Amino acid sequence: MDTPIADFVERYARSGAVRLHMPGHKGKPILGCEPWDITEIHGADALYEAEGIIAQSERNTSALFGSGRTVYSTEGSSQCIKAMLYLALTCRPAGTAPVILAARNVHRSFVHAAALLDFEPVWLWPEDSRSLCGCPISAQALERALEALPAPPAAVYLTSPDYLGGTADISALSAVCRRHGTILAVDNAHGAYLRFLHPSRHPLDLGADLCCDSAHKTLPALTGGAYLHVGKNAPAAFRENAKTAMAPFGSTSPSYLTLASLDRCVRYLSEGYPARLAGLAESLEALRSRLRGRGWQVEESDPLRLTIAAPAGMTGGDLAARLRRGGIECEYADPSFLVLMVTPENTGAELSRLEEVLGTNNRPRRDLPALPLAKGERVVSVRRALFAPHESVPVEEALGRICAAPTVSCPPAIPIAVSGERIGPAAVELLRYYGAERVDVLTEPGESRHSRAL
């Protein structure tokens, strides 16, 4: 498969042209990548008005993923999430309401989109919760939620896989959406590789209408490289307005290093990647089995993730520290879980080293607590809360206050309290459990931090 962006950038880097244009390094190496770091010069195309090499590369990627249209992001899935919601709301079918019905374990970029696009989410909550990261929703639960709404929402929005590797039944959930006259949008940031399993487990192939993939999370692309996919059976307006939807949320100076890496990634994926992926998935399943035999509680997850529940007397952070002492860095750790992300770029020797450093667990299993659901009362809109005057207070002083900016670390970047909600006892409990120390809350009328101190 051809690589038009990478080829153009490479030719320009070798041309010896005098660069009387941005960027300021003029192609002179400081890090070493500068010769490839260009801007929208003649022939380089423009990301949001793509008609040349970028458009050609995006068509290659669309063909590879089997989408109705795929466009590039150099600002990760965060940009794509905002664009998906823009499309869902501005191109919504007649008879639908300007509402997004969303599983609660959204990335914080969803909350930022709600503020920027001025919509109010209606939340889907799990029946029980062992982690802030997960929000399993059954087809029956979605059916009940849709029937309870006065009109179909503009979209149903899910995160799958979630940060622990839990995956939704996209086929069943998309069928429910179709019956109710709405579309399904999926944050598939952690699952770009799912397209290349046999059979495919990618959301587009299971019925999603809109989907975002962070290529950089599981594929060999530079950080920030992502895809916005529009399904073949999605409304035509989604395909026609995809670039329009991306532009308000992205820089007018996209990284050509990232674009070139997305371009080269297409060739990589088309040249034997499915076989390498299948081999790794098999090796990881064997590793999971061996780790369980050594006493570790390995959770069910998507194929490229190892999620381990911390045993009694330990936390996921303790396990992360053990790995770090052995020269291994994990993806994520919290009080209950350790998450490791693996790709075909990891070697067999690296996985053997992981197994050696983890060793054998002789501690008993820990009963993971059932976490409370922080169903905060909506007091003001997301938009008003995010842009209103606010202050930072200790978690202990946040009870009863109205959340301003969502308080959450990244990873996992999943808000406990959402902007505009009153922070209740359950939210305070969760904030403490996940180690938050301070919360942004709205400044109360007539008050400020200074006036209360007086």
Side-chain angles (χ1 to χ4, degrees), residues 62 65-71 73 77 79-107 109-110 113-114 116-124 135 137-161 167-189 191 194-195 200-213 226-246 249:
S62 178
F65 278 85
S67 70
R69 187 178 187 184
T70 294
V71 298
S73 164
S77 281
Q79 182 185 11
C80 299
I81 286 168
K82 298 182 183 76
M84 283 199 300
L85 295 167
Y86 175 103
L87 288 171
L89 290 162
T90 61
C91 303
R92 61 190 175 89
T96 60
V99 168
I100 304 295
L101 182 62
R104 176 67 176 209
N105 62 330
V106 293
H107 189 271
S109 57
F110 177 97
L116 293 169
L117 297 169
D118 198 15
F119 71 84
E120 288 303 313
V122 175
W123 298 116
L124 288 164
C135 187
I137 302 296
S138 67
Q140 295 77 15
L142 178 59
E143 189 91 50
R144 291 192 297 270
L146 287 168
E147 288 174 350
L149 295 176
V156 171
Y157 180 95
L158 303 172
T159 302
S160 179
T167 54
D169 187 348
I170 301 295
S171 293
L173 295 167
S174 63
V176 173
C177 290
R178 286 193 295 273
R179 284 199 299 273
H180 285 267
T182 188
I183 64 108
L184 179 62
V186 179
D187 174 359
N188 183 54
L194 294 171
R195 165 69 178 174
S200 168
R201 291 170 56 182
H202 193 275
L204 283 187
D205 295 312
L206 300 177
D209 299 284
L210 293 169
C211 175
C212 67
D213 296 350
Y227 311 122
L228 170 65
H229 300 296
V230 179
K232 285 185 175 179
N233 296 320
F238 290 178
R239 297 190 296 276
E240 294 163 2
N241 292 284
K243 287 291 186 181
T244 300
M246 294 288 276
F249 310 110

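Remember, it's a predicted structure, so these values are computed and weren't measured experimentally.
Side chain of Arg92 to main chain of Ala154: no donor-acceptor pair is present (N/O by atom type, distance under 3.5 Å, no hydrogens or angles). Judged purely by atom type and a 3.5 angstrom limit, Gln79 uses its side chain to pair as donor or acceptor with the backbone of Met246. Looking at Ser160, its side chain never comes within 3.5 Å of a backbone N or O of Val186 through a donor-acceptor pair. At distances below 3.5 Å, at least one donor-acceptor pair connects side-chain atoms of Asp209 with backbone N or O atoms of Leu184. Between the side chain of Thr182 and the backbone N or O of Pro152 there is no donor-acceptor pair closer than 3.5 Å.
Side-chain contact between Cys91 and Asn241 is present, with heavy atoms from C-beta onward closer than 4.5 Å. With a 4.5 Å cut-off on side-chain heavy atoms, Leu101 and Leu142 count as touching. A heavy-atom distance below 4.5 Å is not found between the side chains of Leu204 and Arg195. Residues Leu173 and Val156 have side chains not in contact (no heavy-atom distance under 4.5 Å, counting atoms from C-beta outward). Considering only heavy atoms from C-beta on, Asn188 comes within 4.5 Å of His202 through its side chain. With contacts defined as side-chain heavy-atom distances shorter than 4.5 Å, the pair Val230/Leu210 qualifies.
The CD1 atom of Ile100 lies 11.5 Å from the CG atom of Leu124; values are rounded to the nearest 0.5 Å. To the nearest 0.5 Å, atom OG of residue Ser174 and atom CG of residue Leu206 are 7.5 Å apart. Rounded to the nearest 0.5 Å, atoms CG (Leu158) and CD1 (Ile170) are 5.5 Å apart. Separation of atoms CD (Glu147) and NE2 (His180) is listed at 5.0 Å; rounding is to 0.5 Å. To the nearest 0.5 Å, atoms CG (Leu87) and CD (Glu240) are separated by 11.0 Å.
With sequence neighbours left out, the ring pair (Phe, Tyr, Trp, His ring centres under 6.0 Å) criterion links Phe238 to no other residue.
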Fill in: Evaluation steps, side-chain hydrogen bond (donor to acceptor under 3.5 Å, both in side chains), between Ser62 and Ser67
CA-CA 5 Å; Ser62 178; Ser67 70; 2.8 Å; yes

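Considering every non-hydrogen atom in both Met84 and Ala185, the closest pair reads SD-CB, 4.2 Å. Listed here is the closest heavy atom pair of Ile183 and Pro235: CG2-CD, 4.4 Å. Considering every non-hydrogen atom in both Ala113 and Lys82, the closest pair reads CB-CG, 3.9 Å. Pairing each heavy atom of Gly207 with each of Arg178, the nearest pair is O-NH1, 4.1 Å. In this structure, Val71 and Ala242 approach most closely via the heavy-atom pair CG1-CB, 4.2 Å. Of all the heavy atoms in His107 and Asp187, the pair that sits closest is CB-OD2, 4.2 Å.
Of the candidates Tyr86, Tyr157, Phe110, Phe110 is the only one forming a ring pair (Phe, Tyr, Trp, His ring centres under 6.0 Å) with Phe119.
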